[in-house]
Amino acid sequence: MASLGNWRWKDNASATTFDEATGDVISSGTVYAKDLKVSNAAQTTFALGLKYDLLDKTSVSLDYNYAGDNYATMNVTSRTDVDDSGIDTWKMPNFHLFDLGLRHGFEIAGLSSTLNANVNNLFNVEYISNADNGDTSDFDTAQVYYGAGRTFSLGLKVKF
């Protein structure tokens, strides 16, 4: 899987704020969004999955995921100062993740069953999964959210 994007806001916008109770205009102005990168979604992603059958009902899988060109979340309606025009939010670091899985099929009391074991983020990569933009559109002022480290899961599925 691959997805390549170059998502940008098309133009500036006029904004008017109204008092909900009276309908009176509170303020109006321009939102300077033209050509800013769309935030909160990786614009470049890749994924690749490999599966190898060890035995008739036993397989191992390795999945690779890449996320890049991801910009910190911004409140676009707060871009009302012409000096902010054209300044993108902080670009988060790109990251690569690998997940490993093992699947084994068997029967329990004549019922088809599958045991699944997974290791997500196999190499325990430290990565920023999301961020809110700060005052200076950089790491120092952004509020960042780190992705999960290495996690394990074990599951049993029984068909009856």
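- By the criterion of side-chain heavy atoms lying less than 4.5 angstrom apart, applied directly or through intervening Ile, Leu, Val, Met, Phe, Trp or Tyr residues, Leu50 is not grouped with Tyr52; the two fall into different hydrophobic clusters.
- A donor-acceptor distance shorter than 3.5 angstrom exists from the side chain of Asn70 to the backbone of Ala41, with no hydrogens or angles considered.
- Relative ring orientation between Phe98 and Phe123 is described as perpendicular, the plane-to-plane angle rising above 60° on a 0-90° scale split at 30° and 60°.
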Test ring-ring contact (aromatic ring centres under 6.0 Å, His included) applied to Phe106 and His104, step by step: CA-CA 7 Å; Phe106 60 99; His104 177 68; 5.7 Å; yes
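- The CE atom of Met92 sits 10.0 Å away from the OG atom of Ser39 when rounded to the nearest 0.5 Å.
- Between the Gln43 side chain and the Trp7 main chain, a donor and an acceptor come within less than 3.5 Å of each other.
- A donor and an acceptor atom, one from each side chain of Asp69 and Thr44, are located under 3.5 Å apart.
- Counting only heavy atoms from C-beta outward, the side chains of Asp84 and Tyr32 never approach each other to under 4.5 Å.
- Between Asp19 and Ala21, the closest heavy-atom pair is OD1-N, 2.8 Å.
- Among all heavy-atom pairs drawn from Ser28 and Thr16, the shortest one is CB-OG1, 3.8 Å.
- Shown here for Ile128 and Tyr146, the closest heavy-atom pair between the two residues is CG1-CE2, 3.8 Å.
- In this structure a side-chain-to-backbone donor-acceptor pair under 3.5 Å is present from Asn124 to Arg150.
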Side chain to side chain donor-acceptor pair (under 3.5 Å) between Tyr127 and Asn94, intermediate numbers included: CA-CA 8 Å; Tyr127 66 99; Asn94 304 337; over 6 Å; no
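- Here the straight-line distance linking atom CG of Leu111 with atom CZ of Phe160 works out to 8.0 Å at 0.5 Å rounding.
- Proximity of Asp99 to Tyr64: side-chain heavy atoms (C-beta onward) are nowhere separated by under 4.5 Å.
- Distance CG/Asn121 to CD/Glu126: 10.0 Å, rounded to 0.5 Å.
- In summary, of the residues considered (Asn120, Asn118, Leu122), a side-chain contact (heavy atoms from CB on, under 4.5 Å) with Leu100 occurs for Leu122 alone.
- More than 12 heavy atoms of other shown residues, nucleotides or ligands fall within 6.0 angstrom of atom CZ in Phe152.
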Residue pair Thr136, Thr141: steps toward the side chain to side chain donor-acceptor pair (under 3.5 Å) verdict: CA-CA 6 Å; Thr136 56; Thr141 59; 3.0 Å; yes
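- Within 6.0 Å of atom CZ in Arg79, more than 12 heavy atoms from other residues, nucleotides or ligands are found, so the atom counts as buried in its surroundings.
- Note: Asn116 CG to Lys157 NZ = 7.0 Å, rounded to the nearest 0.5 Å.
- Closest approach of Lys37 and Met74 over heavy atoms only: O-CE, 4.0 Å.
- No side-chain heavy atom of Met1 sits under 4.5 Å from any side-chain heavy atom of Phe46.
- One distance of note links CD1 of Ile26 with OG1 of Thr17; it measures 6.5 Å at 0.5 Å rounding.
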Phe95 and Asn65: CA distance, side-chain angles, deciding distance, side-chain contact (heavy atoms from CB on, under 4.5 Å) verdict: CA-CA 8 Å; Phe95 60 88; Asn65 288 284; over 6 Å; no
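- With rounding to the nearest 0.5 angstrom, the OG atom of Ser113 is 9.0 Å from the NZ atom of Lys57.
- Among the candidates Val38, Val31, Asp35, the single residue satisfying the side-chain contact (heavy atoms from CB on, under 4.5 Å) test with Trp9 is Val38.
- In plain terms, the two heavy atoms of Asp53 and Ser59 that are nearest each other are OD1-CB, 3.4 Å.
- Between Tyr66 and Thr45 the shortest side-chain heavy-atom distance does not fall below 4.5 Å.
- Open room surrounds CG on Asp56; 12 or fewer heavy atoms of other groups in view lie less than 6.0 Å from it.
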Intermediate values then yes/no, side-chain contact (heavy atoms from CB on, under 4.5 Å), Leu102 and Thr58: CA-CA 7 Å; Leu102 178 67; Thr58 303; 4.3 Å; yes
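- Side-chain atoms of Thr22 come within 3.5 Å of backbone atoms of Asp24 as a donor-acceptor pair (strictly under, hydrogens ignored).
- Taking the ring centroids of Trp90 and Tyr71, they lie at or beyond the 6.0 Å cut-off.
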